[in-house]
Every structure is written in structure tokens, then in C-alpha cells.
Amino acid sequence: MTEAVATVPVAGRSLWADAKARLLRNKAAMVSLVYIMVMAVTCIFGPMVAPNDFTTIHADYTRVPPSLSAYPKADAIEAALKDALRRARLDVVTWQQDGGAVSVTIRSGKPIDPRTTRYLDRSDAFENAAITATSADGLEATMTASVKQTYFLFGTDSNGRDLLQRTLVAGRVSLSIGLLAGIVAVVIGVLYGATAGLVGGKTDEIMMRIVDILYSLPFIFFVIMLVVFFGRNFVLMFLAVGAVLWLDMARIVRGQALSLKRQEYVQAAEALGVGKWGILMRHVVPNLLGPVVIYMTLLVPQVIILESFLSYLGLGVQEPLSSWGVLISQGSKSIPGAQWLLIFPSLFLTTTLFALNFIGDGLRDALDPKDR
Amino acid sequence: MLRYVLRRLLTAIPTLFVIVTISFFLIRVAPGGPFNQEKGLNPVIKANLERQFGLDLPLWKQYLNYLGNLLHGDFGPSYNLPDFTVGELFRTGLPVSIQLGASALVLALAFGTILGIIAALNQNRGGDYAVVATATAGSTIPTFVIAPLFQLFFALTLKWVPVGGWGDGAWVNKIGPVITLMLPQLAIVARLMRGSMIEALRAHHIRTARAMGLSDYSVVVRHAMRGALLPIVSYAGPAAASLLTGSLIVEYIFAIPGVGRYFVDAALNRDYTLVMGTVVVIAIFTLVFNLIVDLLYAVVDPRVRYD
């Protein structure tokens with residue numbers, strides 16, 4: 001100890017530089033950080049790039065399994081064609097396919113109305129249908145149409161909506177709920193806890209008793225009451241979820257504030273005549289930042305789980321919007337025939353939760369080395 | 001000791017009272033009522049129903065009535081399951097939930113402790129990483145993902161167990177619910193045990209024990225484990241209370257006739273008495289298990305005494 005003091009002073013590294021170096025060395029945390037960024041970018045921009053729209057219902061493709069090649073499959077074209085023309089009450093004489101186009105000769109008891117091409121256009125399998133030739137009596141015609149290629153990389157749900165789109169849009173909802181409710185919880189918790197800790201005395205006692213009482217109420221009861229009060233409003237849900245999760249934050253921050261108040265350097269600052277505000281900004285806030293950041297990263301997955309749980313119960317996000325919880329709930333009801341509906345959203349949710357947990361653990365190790 | 005228990009039980013009464021009061025008024029402030037249906041009940045019928053259940057009285061009077069009945073052990077009738085009293089619902093449902101919850105708790109504590117010790121003894125080696133990975137997975141993947149995946153693989157694909165149902169308590173029906181209830185708890189117990197065991201193994205008395213030539217078994221089980229069990233004991237209290245009062249998700253997915261399902265349905269339907277009953281039962285379980293935990297402290301850690 002004394003030797004260290006005797007040597008030439010080395011340029012010190014700040015707490016934050018130290019923490020950053022430790023975090024960068026943590027492989028699991030860095031991989032997770034990249035993963036979360038990729039996930040966020042995919043969920044935000046993916047729906048604009050990926051095929052289909054998340055609300056479009058493909059009536060001909062309900063519960064089709066995930067596939068890398070386009071629908072309709074080659075062997076399904078004939079069935080789709082005959083199906084569409086049967087609805088138009090036309091008989092198929094011959095049909096052939098060359099490349100991405102089909103041409104079909106049709107016959108009917110009555111003269112063929114050129115508007116019947118709509119029956120082909122309306123099918124999910126074809127587009128640009130047109131009549132190219134009509135026989136002299138008008139009872140026979142040749143119709144061409146191009147095959148509409150639709151990609152369902154994740155398959156479709158029971159309503160024929162693209163699961164890839166739904167999963168990505170759900171990701172937007174789940175991630176933004178996680179972030180927003182996390183921020184709400186942290187803001188309430190920090191303000192409440194810091195006030196209780198810094199003011200102290202009777203105020204502190206009363207404030208913490210209130211937290212204790214809220215703690216002892218069954219958590220889910222509290223959440224449901226909030227949802228009942230605020231209705232099924234998306235933004236208010238954030239606030240409700242955030243407003244429930246601030247209790248731990250308040251306790252942590254209060255504890256920190258209490259111990260900080262008794263630190264020698266804070267007392268020294270007080271003795272030197274530094275104002276309350278100065279002490280707060282210079283000493284209290286930087287010291288609180290570590291635990292707050294750690295807690296917040298661990299809070300986000302909690303919020304996502306809670307939101308998914310509420311959505312699972314039907315109390316969360318409403319159609320046509322969805323969240324991972326909604327998709328998992330729908331998926332778990334259709335597992336006998338359509339496993340992909342459960343597996344893809346579950347995969348997105350759990351990998352995100354894993355990554356967030358690793359980041360939280362990494363931050364904890366980086367900012368609070370004595371906990372290692 | 002006995003005096004301590006009595007004092008704790010006495011202080012539990014005001015806590016319970018506060019919880020009952022807050023939840024009573026909270027659920028009453030919520031808009032809607034038990035007889036508000038989407039189609040709209042005939043107002044005369046609704047008024048009659050409300051009079052029959054005493055819901056037309058001023059709120060403070062209803063509150064006093066409820067407290068009075070509660071003191072006599074009467075939870076009142078359920079509004080939305082009109083053939084049952086809340087007491088009857090609990091008498092049939094609670095044993096089911098307790099059976100599943102207790103099995104899950106015992107298994108989680110037993111395996112979690114063992115896994116935690118294995119991890120601590122092999123710190124930063126293969127066994128440790130395996131346990132930590134399992135624990136992270138178990139505590140990260142939510143129950144509502146594990147349960148349907150379990151059904152998909154073990155019930156629908158492999159056909160080892162039934163998909164759901166209680167089957168009058170047949171043991172094959174319990175496998176799924178117990179495992180899904182157990183996994184998250186097991187994960188947390190293993191993590192806690194690993195951490196506290198690593199710390200305990202570094203303690204001076206362990207070094208002394210080793211220096212005295214005690215066998216590994218004796219060092220680990222008799223000397224290190226005892227101290228390391230403290231965090232597990234304090235975790236087990238709240239965990240027991242929440243496991244034994246039934247899990248909503250697990251009971252929904254596996255179609256188990258326990259009490260976990262009642263809470264959310266009752267809150268959404270404003271089935272006031274059933275909500276209150278559930279709150280009271282959960283609160284009592286929590287208070288009792290916290291007391292048991294504190295008493296167990298004294299057993300595990302001789303430094304803790306209640307005189």
C-alpha cells in the first residue's frame with residue numbers, strides 16, 4: 001500500500017472506463033448486445049422489407065407450413081386454378097403452364113363474360129388474368145394469368161396471415177413495451193427511492209411502509225386492477241406495467257441513497273459548503289447510476305414477460321397488432337397441426353430474453369466488480 | 001420460541017387487515033360489477049340480484065359485513081359461479097393446487113440444492129457451466145412457453161403423458177404440470193445455492209475442517225452446506241406461498257381444476273367475493289410461510305435465536 005503511494009502517480013482510469021473495458025471483454029454480453037441490436041433493427045425495418053403485409057388475410061393459404069420456396073407449390077397450381085374457375089361456374093377444357101404463367105381453355109353453357117377473369121385475380125395464387133381469345137360462339141375462351149408468387153418463410157396462421165410479418169410486428173410491440181415500461185418503472189422508482197433515502201426520518205418511514213404494503217398485495221391482482229382501470233389501451237398498458245414494477249427499484253435506490261449520505265466524501269463536501277444540488281449531481285447521481293442501469297436491463301425482460309403474460313390472458317395488445325405473448329398464446333392453441341405457430345414466436349421471445357439477461361449480468365459484473 | 005411465534009401471529013393480524021381493506025376497496029373502485037353483462041341484464045332483475053347479495057347497501061356497510069363474515073370463516077357466495085360458495089371452491093380446488101405445488105417445491109429444492117453444490121464444487125469447469133446454462137434457461141424461458149412445448153414434445157409427439165386434465169389425480173397427469181412448475185424454481189434454487197456454496201467453501205471454518213483431515217463428504221455436507229442453505233431457506237418461503245396457491249398459466253394449459261385459474265377470471269368478472277377470498281388465502285399462505293422461514297433460520301443457523 002505504502003509503496004503504491006510512493007511511486008509516480010499513474011494516470012487514473014475512471015470507474016466508467018474501467019467498466020467499459022470489463023464489459024467489452026465479456027463475450028456473452030457483447031454477443032447479446034449485437035443480437036439485441038440486430039433483433040431491434042429487424043423488428044423495426046423488417047416489416048417494410050419482408051414480403052406481404054401483416055394484416056393481409058390469404059384465404060387460400062391458411063396454416064401453410066413455413067417454406068423457403070414460393071407458394072403456390074407446383075402441384076397445387078392445378079387445384080387452385082380449377083377451384084377458382086369452379087367458383088366462376090366455368091369448365092376447364094385444357095390447361096398448361098409455362099414458366100410463371102398459365103393459360104387455360106374454358107367452356108361454359110352461356111357466353112363467357114370477360115369479367116370472369118376476376119375469379120382468377122381474386123385467388124391468392126394468380127394475378128393479371130386476361131382473356132386472350134374467344135371462340136366464335138362465345139362459349140369457349142382462352143384465359144391467361146401469371147402465377148402470383150407469395151413467400152411464407154414462417155408459414156401462416158389460422159387466418160392466413162404471414163407469420164414472419166406478424167412475428168416482426170409483434171417484436172416491435174414487445175420490445176417497445178419493454179423499453180417504455182422499463183423507463184417508467186425506473187423513473188418512478190428512482191424518484192421515490194431517492195426522495196425517501198435523502199429526506200429520511202418520518203417521511204422515509206411512511207414512504208417505505210407504503211412500498212411494503214404494495215409488495216404484500218398479490219402482484220397479478222395489482223396488474224389486473226390497473227388493466228381494468230385503464231382499459232385495453234396500448235400506451236396506458238405501458239404505464240400500468242411500469243407503475244407496478246417500480247417497487248424493487250425504489251428499495252434499491254433508497255438503500256443506496258441512505259448509505260451514500262453517510263459516506264465521508266459526501267460529509268466532506270457538505271463541510272466544504274457544497275449545496276444540496278451540487279452533492280446530488282456530483283456524488284449521489286453518479287453513484288446511483290450503476291445499480292439503476294443494471295436493474296433497468298434486468299427489468300426489460302421482466303416487462304416483456306409480463307406483457308406477454310397479459311396478452312396471453314387476452315388483456316394485452318389487441319388485434320390486428322400483436323405481441324410475442326399473443327402469438328405464443330395463439331400458437332399453443334394450434335399445436336397439434338401447426339407447430340411453427342408456437343415455435344417461431346417462442347424462439348424470438350426466449351432468445352431476446354436470454355440476450356437481455358446476459359447483457360444485464362455483464363453490466364453487473366462490469367459496474368460492480370465485487371459481486372463477481 | 002413459543003412467545004415469538006405468538007407475537008408474530010398477532011402482528012400478522014393487522015397486516016392481513018390492511019391487505020383485506022385495500023383489496024376490498026380497490027376492486028370496488030374498478031368500474032363495472034358482477035352483474036354487468038354485455039347484453040345488459042333487465043334492471044329489475046339486476047336490482048333484485050344486488051339486493052339478495054347485499055350489494056345495494058352503502059359500501060362501508062358491505063365492508064363491515066364482509067369483515068364480519070370473514071371472521072366467522074365465511075368467504076361468501078361466488079357471484080359468477082352461483083352454485084358454489086367461495087369456501088367450497090377452495091375446498092375442492094386448493095388440495096389439487098397444493099399437491100402439485102408441494103411436489104414441484106420439494107423437487108425443486110432437492111434437485112436445485114444438489115445441482116448448486118455440484119456447480120460450486122466444479123467452479124468454472126464443465127459441470128459448473130452445464131448447471132449455470134440450465135439454470136439460465138430455466139429462469140429465462142417463461143412458463144407459458146415451456147408448458148405448450150412440453151405438451152408438443154412429450155404428449156403429442158412422443159405420447160408419453162396425457163396432454164392435460166386431472167384424471168382424478170393419476171400420477172401421469174401430474175408429470176407435466178409439476179415439471180413446468182418446478183423448472184423455474186429449480187433454476188433459481190440452483191443459482192442461489194451455487195453462489196452461497198462458493199462463498200461458504202471459502203470460509204475459514206471449512207479450511208480448518210479440511211486441515212483436520214475430515215472427509216470431503218463431511219466437509220461439504222456437514223460444514224459448508226449448512227451455512228450455504230440460508231439463502232435457500234429465505235427464498236423457499238415466498239416460493240412456497242406462490243406455488244401452493246396455484247399457478248394460473250399451468251392450470252390453464254394443463255386443464256387442472258385448481259384454484260390458480262379463479263383469480264384472473266374473478267377479477268375480470270368482478271366476482272368480488274372470489275377475488276377477496278383468493279387475496280386472503282394468498283396473504284395467509286405468505287404470512288405463514290414467512291413465519292416458518294424465520295423459524296427455520298434458527299434451526300439452520302445457530303446464531304439466530306428467538307427469545
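Throughout, protein chains are lettered first and strands after them, A, B, ... in sequence-line order, and every chain is numbered starting at 1. Just so it is clear, the structure is predicted and the values come from calculations on it, not from any experiment.
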**Q** Which distance, rounded to the nearest 0.5 Å, do you find between the CG of A/L353 and the CD1 of B/I141?
**A**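 Rounded to the nearest 0.5 Å, the CG-CD1 separation comes to 9.0 Å.
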**Q** Given that the side chain runs from C-beta out, which part of B/V275 has a heavy atom under 4.5 Å from chain A: side chain, backbone, both or neither?
**A**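 For B/V275, the side chain is the part near chain A, not the backbone.
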**Q** Considering residues, nucleotides and ligands other than B/Q123, do more than 12 of their heavy atoms fall under 6.0 Å from its CD?
**A**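 Yes, the 6.0 Å shell around CD holds more than 12 heavy atoms from other groups.
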**Q** Just give me the residue among B/T15, B/L156, B/T278, B/T140 that pairs up with chain A most often, heavy atom to heavy atom, under 4.5 Å.
**A**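 Max contact count across the listed options: B/T140.
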**Q** Is it the backbone or the side chain of A/I305 that comes under 4.5 Å from a heavy atom of chain B, or both, or neither?
**A**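 For A/I305, heavy atoms of backbone and side chain both lie under 4.5 Å from chain B.
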**Q** So which part of B/I27 gets closer than 4.5 Å to some heavy atom of chain A, the side chain, the backbone, both or neither?
**A**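 Contact with chain A involves both backbone and side-chain atoms of B/I27.
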**Q** With the side chain counted from C-beta on, respond yes when A/T350 and B/P142 share a heavy-atom pair under 4.5 Å apart, and no when they do not.
**A**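 In short, these two side chains touch, coming nearer than 4.5 Å.
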**Q** Pick from B/S23, B/G195, B/P238: which one has the most heavy-atom pairs with chain A under 4.5 Å?
**A**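 Highest number of heavy-atom pairs under 4.5 Å: B/S23.
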**Q** I'd like to verify something: which residue of B/T157, B/I253, B/T136 has the highest number of heavy-atom pairs under 4.5 Å with chain A?
**A**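 The candidate making the most pairs under 4.5 Å is B/T136.
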**Q** Kindly give the heavy-atom pair with the smallest separation between B/A137 and A/F354, and that separation in Å.
**A**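 Taking B/A137 first and A/F354 second, the nearest heavy atoms are CA-CZ, 3.4 Å.
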**Q** Around atom CZ of A/R209, are there more than 12 heavy atoms of other residues, nucleotides or ligands at under 6.0 Å?
**A**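 Incorrect, the count does not exceed 12.
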**Q** Are the side chains of B/L152 and A/I343 in contact, using a 4.5 Å heavy-atom criterion?
**A**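 Sidechains of B/L152 and A/I343: in contact.
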**Q** Chain B heavy atoms under 4.5 Å from A/F309: which part of the residue, side chain, backbone, both or neither?
**A**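 When you check distances to chain B, atoms from both the backbone and side chain of A/F309 fall under 4.5 Å.
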**Q** Between chain A and each of B/L26, B/T286, B/I282, B/V18, count heavy-atom pairs under 4.5 Å; write down the option with the most.
**A**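 If we count pairs closer than 4.5 Å to chain A, B/L26 comes out on top.
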**Q** Counting only non-hydrogen atoms closer than 4.5 Å, does A/L349 touch chain B with its backbone (N, CA, C, O), its side chain (CB onward), both, or neither?
**A**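 Contact with chain B involves the side chain of A/L349 alone.
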**Q** Nearest 0.5 angstrom please: B/Y252 OH to A/S329 OG, how far?
**A**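 So the OH of B/Y252 and the OG of A/S329 are separated by 11.0 Å.
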**Q** Tell me, side chain or backbone of B/F263 under 4.5 Å from chain A's heavy atoms, or both, or neither?
**A**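 Only the side chain of B/F263 comes within 4.5 Å of chain A.
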